[in-house]
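See below for the structure under consideration.
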Amino acid sequence: MTPEALSSSPRAELRAIKWFTLTHAAGLLLFALIMGGFFWYLHVIEAEQQRQTLYRDVEWAQQSLRLRLRQNQDEISASTSDWALSDQIEDSRGRARDFLIRNPDAVYIARLDAERRVVWLLPTAGVSNVMNRTPGQRIVDSAGYTVFHEAREERRPTFSAPFVGADTELLVELHAPVIRNGAFLGTIIVGYSLNRILSNILAPESRDRYQVTINDEGGNLLVSSSPRTIHESNLGYELPLDPPGHGIRLKAHAFDTQPRLVERSLLLAVVGLSGASLVSLGLLWRHSRRRIEAEAERDRVFRLSQDLICVFDIRGRTQRVNPAFEAMFGRDGAQRSLTELAHPDDRALVESALVQAGARDIGTGSVEARFACGADWRWLHWSLRGDPELLTATLYGIAHDITERKQAERALAAETAFRRAMDDSMLTGMRAFDLTGRITYVNRAFCEMLGFDRDELIGAVAPFPYWPDEDTTRHEASLQAILRGESPPSGFETRMRRKDGSTFDSRMYISPLVDSEGRQTGWMTSITDITEPKRVREELAAAHERFTTVLDELEAAIWVLPDSGELDPAAGPRGEPLFANRMFRHMFGASADLGRLLEAGGAAAGWVPREVFHPGLGRWFELRTRRIRWVDGSSVRLLVATDVTRRHEAEERHREQDEKLQRTSRLVTMGEMASSLAHELNQPLTAIANYCMGLSARVRSKLAQGQPPDAQEMLEMLRKTAAQAERAGKVIRRIREFVKRSEPERRPCEVSAIVADAVGLAEIDAQRLGVSIDVHTDPDLPTLSADPILIEQVLLNLMKNGIEAMREAAHRRLALTITRRDGMIEFAVTDAGKGLTPDAREKLFEPFFTTKTEGMGIGLNICRSIVESHQGRLWVEDNPDGGCTFRFTLPAPERTAVARAA
């Protein structure tokens, strides 16, 4: 059957049944309308008659009540003067009592004076207490006060508003003014009970038909003739009551009348039969409509369903398929059996499902298999069911595509396998327990850590088998803290016991276990074996303690400062020390002393020591500093200060002794050269004496001859005398400058000047011994920064030794060479003597070693000290042709540095 036929057939059948049922329904509906109209007309007439009766009865009750109250009002107004006489009280009470007997509505009569005080009170029989109406008492209630003043002002009887009496009875009062000779003497009060008023005005038949109530002006119920509850929709009527006024209204509602069974039985029978016919036709029409709609809905579901819906025979050949089946398998697929469409590996499963569905004792079958959909294979879930009521074996099948679910299942399986592998590969033990403390999960690392199987731990409750017996109480307290959510976020350390009884230290971290809906279902615990880290930490702590002990026992102050670039000595240290040993705290105490130390010596570059003087402590320190990497990875300054005050004092004494020794050495040198110096000085002095005697003889000769002296000749002789005196003075000046006592002083000096003075003194001995001195100097030598006297002493000592070494040599020539090489100025003194033996070469620069019979052995040692103090070096070399060469070097400063020093 085509889809068009499926869609048009239900609609045609539905229209036919609709018109067929509507003809009968129309006749029944017309009959029901006529009968309904007739009975409605009867109902309207009956309701109108009941309404008129209600109006008449209520108006009669209103008029009766008004008439009675006005008659009482007139009677009381006429009797007020007699009842108010003070000398006829008993008679007045008698007439008032007679009034109460004749008017059962009234419950009491009272006499008030002009001050609202009760003069006398007469209640009816059965009334024992009247609120605020006791003789001698003044009326203070709002109702009595208001109506009293109205009666006094208007000079006429006045009713009060309803109020509650002593026995919770609703009352109204009539105040009749007492006027005598135009003066207001008070009032006569008559109290009426609303319940009694309502009871007395209603006839017995009215009580049976109506509920009569008295309401206030707000519609609130005051009294009612019946306790029954009447619905507001019942027939009702109300009229105002005046007197007593104040918005009081009389209201009546009709009770439901008893039905007339004989009259209404026929009506009920006709209505019932008509209704039954309508109901039967309606049910038939609804059943047919629902059946057709259900069939149409079935076909619509069959046609529009995204799932595959098919009808098969017992062998799986399709008999009817829905569009979804054709969309997936095509029209050719609809001609093939379900087994042929299945994957070759899944056909056995499909055939088994078809057999199960076709079996009458089973009747159902399901299978998940792959089916050919074009070039792809799609997973389908088939639900098959047979119908045992049909004679022919027919199977009904529905299938939906589960390819994405299968892919998701494979992905989930892969993810689960990955997570299981990851979980099993973790070295951290994982444990989960629910909110009651029962273990619900453990991973492999946790089991291996403790030696228990997973089955031994899952479901376990406290005390757990891995708790040490001696720590059970502490573990129980920790578990309760965890369950309360009070575990520290940084974790805590605990001891655990393996299955073999051994224990180990662990660190445990706790976090809430929350499900996908955000609800906490338990607690997750990660456990790490910290036995080895703890041992290492303890060893490190012990090593740190030993290291700190060693540092504290050192005689040097050691501290670490934050590094903020280059240290500024003027600013002192940056921040408090990150570390300081005991000696630092003992020597410096506060960081202010550290600032003075840095300010005094500055920061030495690298690890080069710098001796600084601490003015606050008055001591010398050797300060070393370098950048290091601190424990947190930051760059810091390590500083080491060693107290070198004693060494500095010893060096100072040694320096003073060196200076004395150097001066002594110069004096010794001069002493050794005394004969030569005497000979050197004797020659100019003898020449001066000869020139002076010759000049005197020449002057006397000229004077004796009577001739004036020859001025030119005399000047020439005086010039020669002055030259010899200058020669002697130069020798004396050099000796004086060489041996004079002075402090060491480094200053810019010329090499040529130092060499000239030294050679000048050395030539005195050289000439005596017949030794010539050759000086070779490189041109454009730089200016030295040195002590010229000390350098001159070194040169003189080396040249003197060379001269003396050539005392017996055949060739007596001493060479002095000054060159510049590799940033140094080199001085070389070369002699032609016998040279040095190997033993003498090794001991040459030792103190008190000498190769001369009259020498002291301190000259070369002093020379080396002088050269090294100038950052130079002194050494000796053998010459190939005999003799030796003494060389020493001095730094050649840059010209800019020399100029700045100058």
Side-chain angles (χ1 to χ4, degrees), residues 66 68-194 196-197 216-217 241-248:
R66 292 178 63 184
R68 181 181 300 180
L69 291 177
R70 288 195 181 278
Q71 289 176 352
N72 290 341
Q73 179 178 344
D74 294 340
E75 182 181 355
I76 292 171
S77 298
S79 303
T80 54
S81 299
D82 297 334
W83 291 358
L85 294 176
S86 60
D87 53 351
Q88 299 178 0
I89 294 177
E90 292 301 328
D91 185 42
S92 299
R93 288 185 177 182
R95 288 193 293 271
R97 189 176 295 109
D98 181 62
F99 177 84
L100 291 175
I101 293 172
R102 288 184 286 105
N103 295 280
D105 305 341
V107 294
Y108 63 87
I109 298 176
R111 164 75 167 87
L112 299 183
D113 60 11
E115 300 298 329
R116 302 193 311 277
R117 290 187 179 87
V118 178
V119 178
W120 52 265
L121 174 68
L122 182 63
T124 61
V127 177
S128 60
N129 184 20
V130 179
M131 183 183 65
N132 297 329
R133 301 296 185 267
T134 305
Q137 185 178 6
R138 189 175 184 179
I139 296 177
V140 295
D141 57 277
S142 60
Y145 178 83
T146 302
V147 71
F148 178 85
H149 280 276
E150 288 182 359
R152 184 180 63 181
E153 296 296 331
E154 298 180 4
R155 302 297 177 94
R156 64 178 180 82
T158 306
F159 279 93
S160 70
F163 65 93
V164 180
D167 296 329
T168 67
E169 186 175 9
L170 285 171
L171 305 174
V172 293
E173 289 183 340
L174 173 63
H175 284 243
V178 179
I179 307 297
R180 181 175 296 174
N181 299 325
F184 177 76
L185 301 179
T187 60
I188 297 296
I189 301 176
V190 179
Y192 291 94
S193 171
L194 293 180
R196 294 187 180 188
I197 290 174
D216 60 12
E217 59 181 347
L241 280 179
D242 190 9
H246 295 283
I248 297 176

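The figures that follow rest on heavy atoms only: side chains count, while hydrogens, waters and symmetry mates do not. One is the number of the first residue; the rest follow in order along the sequence.
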Note to self: Nearest 0.5 Å, please: how far is CG in Leu194 from CD1 in Ile248?
What the structure shows: 6.0 Å
Notebook entry, point to check: Are any of the side-chain heavy atoms of Arg156 and Gln73 separated by less than 4.5 Å?
Noted result: no
Check: So which heavy atom on Leu69 is nearest to which on Pro244, and how close?
Finding: CD1-CD, 3.9 Å
Notebook entry, point to check: What is the minimum heavy-atom distance between Pro177 and Pro157, and which atoms define it?
Noted result: CD-N, 3.7 Å
Check: To the nearest 0.5 Å, what is the distance between CD (Glu153) and CZ (Arg155)?
Finding: 8.0 Å
Item checked: CZ-CZ distance between Arg116 and Arg152, expressed to the nearest 0.5 angstrom -> 8.0 Å
Notebook entry, point to check: Under a 4.5 Å cut-off applied to non-hydrogen side-chain atoms, are Ile76 and Leu174 in contact?
Noted result: yes
Checklist line | Interatomic distance, Leu100 atom CG to Asp105 atom CG [nearest 0.5 angstrom] | finding: 11.0 Å
Item checked: Non-hydrogen atoms of Asp113 and Val119 that approach each other most closely -> N-CG2, 3.9 Å
Check: Taking all non-hydrogen atoms of both residues, which atom of His175 and which atom of Ala151 are closest, and how far apart?
Finding: O-CB, 3.8 Å
Checklist line | Reported CD-to-CZ distance for the pair Gln71 and Arg102, which is rounded to 0.5 angstrom | finding: 10.5 Å
Notebook entry, point to check: Where do Trp120 and Ile109 come nearest, in terms of heavy atoms and distance?
Noted result: CZ3-O, 3.7 Å
Check: Which value, rounded to the nearest 0.5 Å, describes the distance between Arg68 atom CZ and Asn103 atom CG?
Finding: 7.5 Å
Notebook entry, point to check: Does Glu150 have any side-chain contact (heavy atoms from CB on, under 4.5 Å) partners at least two apart in sequence or in another chain, and if so, which?
Noted result: Thr146, Thr158
Next item on the list: Search all heavy atoms of Val172 against all heavy atoms of Pro162 and return the closest pair with its distance.
Entry: CG1-CA, 3.7 Å
Checklist line | Asp74: partners by side-chain contact (heavy atoms from CB on, under 4.5 Å), with sequence neighbours left out | finding: none
Margin query: Ring-plane angle category for Phe184 and Phe148, please: parallel below 30°, perpendicular beyond 60°, tilted otherwise.
Written below: perpendicular
Notebook entry, point to check: Does Val178 reach the side chain of Thr187, with side-chain heavy atoms less than 4.5 Å apart?
Noted result: no
Next item on the list: Could you tell me whether the side chain of Leu171 reaches within less than 4.5 Å of the side chain of Val107, counting heavy atoms only?
Entry: yes
Margin query: Does any part of the side chain of Ile188, heavy atoms only, come nearer than 4.5 Å to the side chain of Arg111, both counted from C-beta?
Written below: yes
